[in-house]
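Below: one structure, written as structure tokens.
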Amino acid sequence: MYKPNEKSRVKVIWESFKASYELGKKGVIFSIISAVISAVTPYIPIFVSARILDMLASGEQFKNLIITAGIGLVIIFASQLIVNYINKLRDYHIEIAINNFDMAYTNRLFDLDYQQLDSPETNALRERIRLDNNWGNGFGGLYWRLPWLFGSVFNFIAAVIVLIPLFTTKIFWGGFTTPTFLIVLAAIVVFIVFIIVKYIHPAELKVMANSGVKTLKDRKEKYLGYFSWSSYDYKEGKDIRIYNVDKMIEYYMQFGLKTQKQWVKKFSYISGISAFFNSIKWNILQGGVYIIVVLRAIAGALTVGSVLKYSAAIINFINGISDIFLAFDDYYVAGKRQEGVLEYLNMKSEMHKGTIPVEKRDDNEYDIEFKNVSFRYPGSEIYALKNLSMKFRIGQKLAVVGMNGSGKTTMIKLLCRLYDPTEGEITLNNIDIKKYDYSEYMSIFSVVFQDFKLFSFPLGQNVAASVDYDGKHAEECLEMAGLGDRLNSMPKRLETSLYKDFEEDGIEISGGEAQKIAIARALYKNAPFIVLDEPTAALDPIAEFEVYSKFNDMIAGGKTAIYISHRLSSCRFCDDIAVFHEGELIQRGSHDALLDDHDGKYYELWNAQAQYYAHSKEIT
């Protein structure tokens, strides 16, 4: 349960409201307008009815009664139309505001530094957000609670305004004076407020705090409902069936059922307490209202119609006190669940973006050098790279080889400024790459990572990484990457959707085909540096040979190619080979020169793999 002090409560409510306003001003404004109108309109039929009762009591002509009733009905009908229209505008702009939030949350993936997104702290924050926003407790709940939040305030204010005349007339009847009346009324109000604050308010706060998923300490609790409410990828169905994952699902479902029973029992108990004290409140409220209004009527201070009007106003006044407590507590609990979201949205980029433009060179003469570069991943004390110093020979093909975990991919991530070095610097044309405009620097690289991502969009958009694209160029790149035959078999060609997430006629592609599309995407960008990180890992030997045989055609026009692999058979296509081991560059040279060093790591790796080559002699 949340146990805030008043200062922290106000801060959470204010920060939540401010974030809601910044992402959807009109949604908030129309919520206020709707609350004001909704607070006033219930009194229209009450005032009309009170007026008609007073007219009846005074013997008013029937004609005047009909006119008054007709005018009242028109006003009531018009007010309802206005309320409905304003509420539609409010709901529309709230939906827009929620969409704005979704966009802002998604854009964090692009705005934040990659090293921030990959940090343990950010991953822990995103996990906390996931847990706190389950079961309908997302950021949109802040907007949908605004009508109640503002409504409770304006309903209370409207009731106070209506009740003012009840206290302004000095009446004496049988010793019952206005001061005496005020004391009695105040005593009733204080008693009801005491019940609200002491019993109803804490009980309802417990209900709200326990109605959503809190941060869970037990590891198993984190998986509650995972297979039902997590984003489900239909491709997971194969593994679920082949490996009988249903047994594991049943285990967690049984655990969840046990936990759910305990939660429901506790929730029902708390709800029962709240309902009990609410019934006490209403009984006292209704009895007190009738006593007060009747006494004032007997004293001659109220007409028959006023009895109806003030009875409703007093009920709204006292009930408004409870609603204000409850609405603000409800908004506080909703805001408390969004603290992680607000923290995530307010994160600032830590990486220096630079301002120097990257020189546009037709000759692609970009000189890159690593100078004593060392690097540790966020949260790790182990160096992934140690004292790396190397230059790239412009226009040549460099193979980076080594065992898994030797630092090959890490070097590429540093080269592309997904991370900044822990120590040392990387320069482009003798200028620290941190000083270059970040987006311009990124534009000189085309990279196919091991864990590349294709999207459930048309093939052409996947190749171009853009909604609009040059179809002819996209087809040329697919042809160079070895996907020409597959493209020709597609009825919609470049407009063919990948996968079936959004289109029924979407196609399923193999791992090898996906890699070819990723290579085509790198070629389409036409950047001076092309980096291929294990680009043929999912290809069969024939397809691998096809890619390699076209390697020179792919990397044409003076481009620099960096090819990362642990398959040494591919190195014969490269001019230069760099050998990494345990985060260090330990050898560099041509394929033949490295093989001549029988004590070197390259010779060791080559001979370890040579037994798997069909024609090792031919390869060497």
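Because the structure is predicted, anything quoted here is derived from the model rather than measured. We're numbering straight along the sequence, starting at 1.
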- Measure the CD1-OH distance between I13 and Y332 for me, rounded to the nearest 0.5 Å. 8.5 Å

- For L81, does the CG atom sit with more than 12 other heavy atoms under 6.0 Å from it, leaving out its own atoms? yes

- Message: Between R145 (side chain only) and G141 (backbone N and O only), is there a donor and an acceptor less than 3.5 Å apart?
- Response: yes

- Message: Within this structure, what is the CZ-CD1 distance for the pair F154 and I37, rounded to the nearest 0.5 Å?
- Response: 11.0 Å

- Check whether the side chains of Y383 and R376 place a donor and an acceptor atom closer than 3.5 Å, and report yes or no. yes

- Message: Any non-hydrogen side-chain atom of F375 less than 4.5 Å from a side-chain atom of K386?
- Response: no

- Sub-4.5 Å side-chain heavy-atom contact between L418 and Q115: no

- Taking all heavy atoms of S79 and all of I44, pick out the closest pair and write down the distance. CB-CD1, 3.7 Å

- Using only heavy-atom distances, determine whether the side chains of T355 and D437 contain a donor-acceptor pair under 3.5 Å. no

- Item | Exercise: identify the closest heavy-atom pair between R90 and S31 | CG-OG, 3.5 Å

- Item | Closest non-hydrogen atom pair, Y499 against E508 | CD2-OE1, 3.8 Å

- Message: Determine whether R521 and L454 satisfy the following criterion, side chain to side chain contact (heavy atoms under 4.5 Å, CB included), listing intermediate values before the conclusion.
- Response: CA-CA 10 Å; R521 180 162 63 192; L454 297 182; 3.9 Å; yes

- Item | Donor-acceptor pair, side chain of K525 and main chain of F445, under 3.5 angstrom | yes

- Query: Just by distance, do the side chain of S20 and the backbone of L142 share a donor-acceptor pair under 3.5 Å?
  - Reply: no

- Task: Please say whether more than 12 non-hydrogen atoms of neighbouring residues, nucleotides or ligands are located less than 6.0 Å from NZ in K353.
- Result: yes

- Backbone N or O of F457 within a donor-acceptor pair of the N462 side chain at under 3.5 Å? yes

- Item | Straight-line distance of I86 CD1 to S38 OG, nearest 0.5 Å | 9.5 Å

- When you measure from the centre of the six-membered ring of Y21, is the NZ or CZ of K25 under 6.0 Å away and within 45° of the axis? yes

- Query: With distance as the sole criterion, is a donor-acceptor pair present between the side chains of R417 and Y438 under 3.5 Å?
  - Reply: no

- Looking at N123 and L117, what are the two nearest heavy atoms and their distance? OD1-O, 3.3 Å

- Note on the structure: The reported gap from CD1 in I98 to CE in M103 (rounded to nearest 0.5 angstrom) is 15.0 Å

- Within 6.0 angstrom of D468 CG, more than 12 heavy atoms from elsewhere: no

- For Q461 and E495, indicate whether the former's side chain and the latter's backbone hold a donor-acceptor pair under 3.5 Å. no

- Message: Using a 3.5 Å distance criterion without hydrogens, assess whether the side chain of S446 forms a donor-acceptor pair with backbone atoms of A522.
- Response: yes

- State, yes or no, whether a side-chain contact exists between F101 and L345 at a heavy-atom distance under 4.5 Å. yes

- Do the side chain of E425 and the main chain of D432 share a donor and acceptor less than 3.5 angstrom apart? no

- Note on the structure: Closest non-hydrogen contact found for A474 with Y469 is CB-CD1, 4.4 Å

- Task: State whether the side chain of Y436 and the backbone N or O of L428 hold a donor-acceptor pair below 3.5 Å, judged by distance alone.
- Result: yes

- Message: Would you say that E15 contacts L342 through its side chain, given a criterion of any heavy-atom pair below 4.5 Å between the two side chains?
- Response: yes

- Euclidean distance, N100 CG relative to K26 NZ, rounded to 0.5 Å: 11.0 Å

- Message: For Y419 and Y377: C-alpha separation, side-chain torsions, deciding distance, then whether ring-ring contact (aromatic ring centres under 6.0 Å, His included) applies.
- Response: CA-CA 9 Å; Y419 295 93; Y377 281 99; 5.3 Å; yes

- Taking every heavy atom of L498 against every heavy atom of I517, the minimum-distance pair comes out as CD1-CD1, 4.2 Å

- With the side chain counted from C-beta on, respond yes when L388 and S374 share a heavy-atom pair under 4.5 Å apart, and no when they do not. no

- Query: If only atom types and distance count, is the side chain of Q338 paired as donor or acceptor with the main-chain N or O of S16 below 3.5 Å?
  - Reply: no

- Task: Just do the side chain to side chain contact (heavy atoms under 4.5 Å, CB included) check on K434 and D420 with the steps written out, would you?
- Result: CA-CA 8 Å; K434 296 179 184 178; D420 280 335; 3.9 Å; yes

- Message: Checking F449 against L532 for the side chain to side chain contact (heavy atoms under 4.5 Å, CB included) test, could you report, in this order, the C-alpha distance in whole Å, the side-chain angles of both residues, the deciding distance, and whether it holds?
- Response: CA-CA 7 Å; F449 287 107; L532 305 177; over 6 Å; no

- Considering only heavy atoms from C-beta outward, does the side chain of V28 approach that of I94 to under 4.5 Å? no

- How far does CG of N155 sit from OH of Y43, to the nearest 0.5 angstrom? 7.0 Å

- Task: Mind running side chain to side chain contact (heavy atoms under 4.5 Å, CB included) on F156 and D323 for me, showing each step along the way?
- Result: CA-CA 9 Å; F156 178 78; D323 281 347; over 6 Å; no

- Query: Is the side chain of Q116 donor-acceptor paired with the backbone N or O of D113 at a distance under 3.5 Å, no angle test?
  - Reply: yes

- Message: If you define the side chain from C-beta out and look only at heavy atoms, does anything of S443 sit under 4.5 Å from V358?
- Response: no

- Query: According to the interplanar angle, ranging from 0 to 90°, do the rings of Y105 and Y344 count as parallel (below 30°), tilted (30 to 60°) or perpendicular (above 60°)?
  - Reply: tilted

- Please check if any side-chain donor atom of T409 sits under 3.5 Å from a side-chain acceptor atom of D533, or the reverse. yes

- Is there a side-chain contact between I368 and I426 (heavy atoms, below 4.5 Å)? yes

- Message: Over 60° means perpendicular and under 30° means parallel, so tell me whether F150 and F17 are parallel, tilted or perpendicular.
- Response: perpendicular

